[in-house]
Chemist: 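Could you have a look at this structure, given as C-alpha cells, before my questions?
Remember, predicted model here, so these are calculated numbers, not experimental data.
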Amino acid sequence: MQTRILQPGEIETLDRTSPIRVRLPQPASLFADRAARLLQRAEGNPIGDYLRFVAQLVKAQQQAAAAVQTAPPDAAAIAQAQEHSMPLLPAASHVDPAWHGVLDGILAAVRESPAVPEALAPVLATLQAQSAAERDTLARRVLVGLVSEPEELAAAPLVMAALQVVFADRASRLSLADIPYTDPATVCPVCGTAPVASVLRIGGREAGLRYLHCGTCCTEWHMVRVKCTHCESTKGVRYQGLQSEGSDQKDEVVLAETCDACHTYRKIANQEKDPHAEPLADDLATLLLDLLMGETDFARASTNPFLPLADVDATPPAADGTAA
C-alpha cells in the first residue's frame, strides 16, 4: 500500500469540524446575488441612483461571466507561491488578455442601460477607443491604486468590473489545495489584493465565522474575529455603527471595525443580522458610515472597487501604525 504526506489544505478537507480556510468565488451566483442586494439597498438610500447603476454594471458582469474562460496557473507557479507563502497570482502582474473582450461586452451593455448617467458617455467612448496596451496600463494602475486623474477615476469602476469577471473566473477554477498560506494573512491568497470588507457568514461549517472578501477576484479567506484585518493586532479592536433611524439601537448589519494599533477601519457585514448581506454591496451602500468615520482618527484601510473616491482624502497608515 502506498502512503504520502498530506498537505495542510488536504488535511482541512478531511476534517469536517475545522473552519473552511478559503471560499472560492462561484461567478454563476456571485454577480446575480450582488446585483439583487444592490437594488435592495438602493431603496431609500441617499446614493440610490448610483447603487442602481452599479447593479446594472454587475448584471453585465453576470452576462460576461457566463462566456469567459481563463487558463489555470501552472504547477511551477503554484509550487513557488506555496514555498514562499506568497499570493498565487498577484493581480497587477497577472492580467489575463481575456479582460479586453469582457470590457467590450460590459461597455456595450452599459451603453444600453437607462441607468447610465449622460456624463459617463465620454468615458465609455475613451475606453472603447483605447488600444490594448493603453488599457493594460490603466488596468495595472487601477489594480495598485495609482489612479488620480478625474478621467481615470471615472473609468476605474468599469475597468474593475471587467477585471473582476476574469479574476473571479480564474479563482473559481483553482483547487483549494493549490492556494498557499500567505504572510501576511491580510491579503488575498489568490491575487494579493487587500480585502474590501469582511463578512460574518451563516450556515453549515461557516456559521459564525468571519471571512475577508477580495475586491478583485472575490475570493474569501477566514480570519478570526479578534484580529484587525489590516495589521492583525488583537488589541483595541472595536466596532462603530450608524444609529437606526427612529431608534436608539445601532444598525448592526454593517459595522466599522476599528483598530487602535494601526488607526484604520474596515467594514464587516453580518449575515446573522441580515442573511442577504453581501460584503461588497453592503460596503458600497453604507457610504454614510464612511463619511462619519471621516470625522474620527481612523482611516479607511482599503477602497471599494466601485467607488475609487471613497478614501482619497486619507492614506491609511501602514500595518505597523506608521504613515504609509
Chemist: I need the Ser113 OG to Ile106 CD1 distance, nearest 0.5 Å.
Modeler: 12.5 Å

Chemist: Any chance you could lay out the side-chain contact (heavy atoms from CB on, under 4.5 Å) test for Ile268 and Tyr239, step after step, and finish with the verdict?
Modeler: CA-CA 9 Å; Ile268 179 170; Tyr239 299 91; 4.1 Å; yes

Chemist: Tell me whether Leu176 is reachable from Leu89 by hopping between hydrophobic residues (I, L, V, M, F, W, Y) whose side-chain heavy atoms are closer than 4.5 Å.
Modeler: yes

Chemist: Identify the two heavy atoms, one from Ala194 and one from Arg266, that lie closest to each other, and give their separation to 0.1 Å.
Modeler: CB-NH2, 4.1 Å

Chemist: Once rounded to the nearest 0.5 Å, what's the spacing between atom CG of Asp274 and atom CG of Asp282?
Modeler: 7.0 Å

Chemist: Just wondering, do Leu288 and Leu242 contact through their side chains at under 4.5 Å, heavy atoms?
Modeler: yes

Chemist: Enter the distance from Thr258:OG1 to Met293:CE here, rounded to the nearest 0.5 Å.
Modeler: 6.0 Å

Chemist: With distance as the sole test, does Arg23 use its side chain to make a donor-acceptor pair with the main-chain N or O of Glu206 at under 3.5 Å?
Modeler: no

Chemist: How close do Ala28 and Gln62 get, counting heavy atoms only, and between which atoms?
Modeler: O-NE2, 4.2 Å

Chemist: Applying side chain to side chain contact (heavy atoms under 4.5 Å, CB included), can you list everything that pairs with Lys227, at least two apart in sequence or on another chain?
Modeler: Met223, Val224, Glu232, Thr234

Chemist: To the nearest 0.5 angstrom, please state how far the CG atom of Leu284 sits from the CG atom of Leu280.
Modeler: 7.0 Å

Chemist: Hey, could you give me each pair passing salt bridge (Lys or Arg N to Asp or Glu O under 4.0 Å) that has a residue in residues 169-186? Not counting sequence neighbours.
Modeler: Asp169-Arg173

Chemist: Spell out, yes or no, whether Val199 and Ile202 are grouped together once hydrophobic residues are joined by side-chain heavy atoms under 4.5 Å, including indirect joins.
Modeler: no

Chemist: Just verifying a value: how many Å separate Thr182 OG1 and Gln82 CD, rounded to the nearest 0.5 Å?
Modeler: 12.0 Å

Chemist: If you define the side chain from C-beta out and look only at heavy atoms, does anything of Val95 sit under 4.5 Å from Leu143?
Modeler: yes

Chemist: Following the transitive rule for hydrophobic clusters with a side-chain heavy-atom cut-off under 4.5 Å over Ile, Leu, Val, Met, Phe, Trp and Tyr, establish whether Ile47 and Leu39 coincide in one cluster.
Modeler: no

Chemist: Going by heavy atoms in the side chains, are Asn270 and Val253 under 4.5 Å from each other?
Modeler: no

Chemist: Set out, in order, the CA-CA distance, both residues' side-chain angles and the distance that settles side-chain contact (heavy atoms from CB on, under 4.5 Å) for Glu152 and Val159, then state yes or no.
Modeler: CA-CA 10 Å; Glu152 291 182 333; Val159 170; over 6 Å; no

Chemist: Which residue pairs satisfy the salt bridge (Lys or Arg N to Asp or Glu O under 4.0 Å) criterion with at least one member in residues 117-137, sequence neighbours excluded?
Modeler: Asp104-Arg135

Chemist: Taking side chain as C-beta onward, heavy atoms only, is Val190 less than 4.5 Å from Cys214?
Modeler: no

Chemist: His213 and Trp221: which non-hydrogen atoms are nearest, and at how many Å?
Modeler: C-CZ3, 4.3 Å

Chemist: If we count only N and O atoms by modelled type, under 3.5 Å, do the side chains of Tyr265 and Asp297 hold a donor and an acceptor together?
Modeler: no

Chemist: Any side-chain heavy atom of Pro87 within less than 4.5 Å of one from Val187?
Modeler: yes

Chemist: Yes or no on side-chain contact (heavy atoms from CB on, under 4.5 Å) for Gln240 and Leu289, after CA distance, side-chain angles and deciding distance?
Modeler: CA-CA 9 Å; Gln240 302 188 40; Leu289 180 55; 5.6 Å; no

Chemist: Within the side chain of Gln61, is there an N or O that forms a donor-acceptor pair under 3.5 Å with the backbone of Ala161?
Modeler: yes

Chemist: Is the shortest heavy-atom distance from the side chain of Phe167 to the side chain of Thr70 under 4.5 Å?
Modeler: no

Chemist: Inspect the contact between Arg210 and Glu220 and indicate whether a charged nitrogen and a carboxylate oxygen are less than 4.0 angstrom apart.
Modeler: no

Chemist: If you look only at pairs with a residue in residues 74-104, which of them pass as a ring pair (Phe, Tyr, Trp, His ring centres under 6.0 Å), with sequence neighbours excluded?
Modeler: none

Chemist: If only atom types and distance count, is the side chain of Thr303 paired as donor or acceptor with the main-chain N or O of Pro305 below 3.5 Å?
Modeler: no

Chemist: Go through the steps for Lys267 and Thr286 under the test side-chain hydrogen bond (donor to acceptor under 3.5 Å, both in side chains), then give the verdict.
Modeler: CA-CA 9 Å; Lys267 295 178 196 169; Thr286 51; 2.8 Å; yes

Chemist: Salt-bridge test for Arg41 and Glu278: reply yes if a basic N is under 4.0 Å from a carboxylate O, no otherwise.
Modeler: no

Chemist: Out of curiosity, Leu146 CG to Thr137 OG1, how far, rounded to the nearest 0.5 Å?
Modeler: 12.0 Å

Chemist: Excluding sequence neighbours, so at least two apart, what forms side chain to side chain contact (heavy atoms under 4.5 Å, CB included) with Glu151?
Modeler: Glu149

Chemist: Does the side chain of Asn304 come within less than 4.5 Å of Asp283's, by heavy atoms?
Modeler: yes

Chemist: Any donor and acceptor pair, going by atom type alone, linking the side chain of Arg201 with main-chain N or O of Ala207 inside 3.5 Å?
Modeler: no

Chemist: For Val110 and Leu158: C-alpha separation, side-chain torsions, deciding distance, then whether side-chain contact (heavy atoms from CB on, under 4.5 Å) applies.
Modeler: CA-CA 9 Å; Val110 168; Leu158 297 164; 4.2 Å; yes

Chemist: Considering non-hydrogen atoms only, spot the tightest contact between Thr186 and Cys228 and give its length.
Modeler: CG2-O, 4.4 Å

Chemist: Under a single-linkage definition using a 4.5 Å side-chain heavy-atom cutoff for Ile, Leu, Val, Met, Phe, Trp and Tyr, are Leu107 and Leu57 assigned to the same hydrophobic cluster?
Modeler: yes

Chemist: Of all residues at least two apart in sequence or in a different chain, which pass the ring pair (Phe, Tyr, Trp, His ring centres under 6.0 Å) check with Tyr211?
Modeler: His222

Chemist: If every non-hydrogen atom of Pro189 is compared with every non-hydrogen atom of Val22, which pair is closest and at what distance?
Modeler: CG-CG2, 4.3 Å

Chemist: Looking at every non-hydrogen atom in both residues, tell me the closest pair between Ala154 and Val123 and how far apart they are.
Modeler: CB-CG2, 3.7 Å

Chemist: Heavy-atom distance under 4.5 Å between the side chains of Val237 and Val226, does that happen here?
Modeler: no

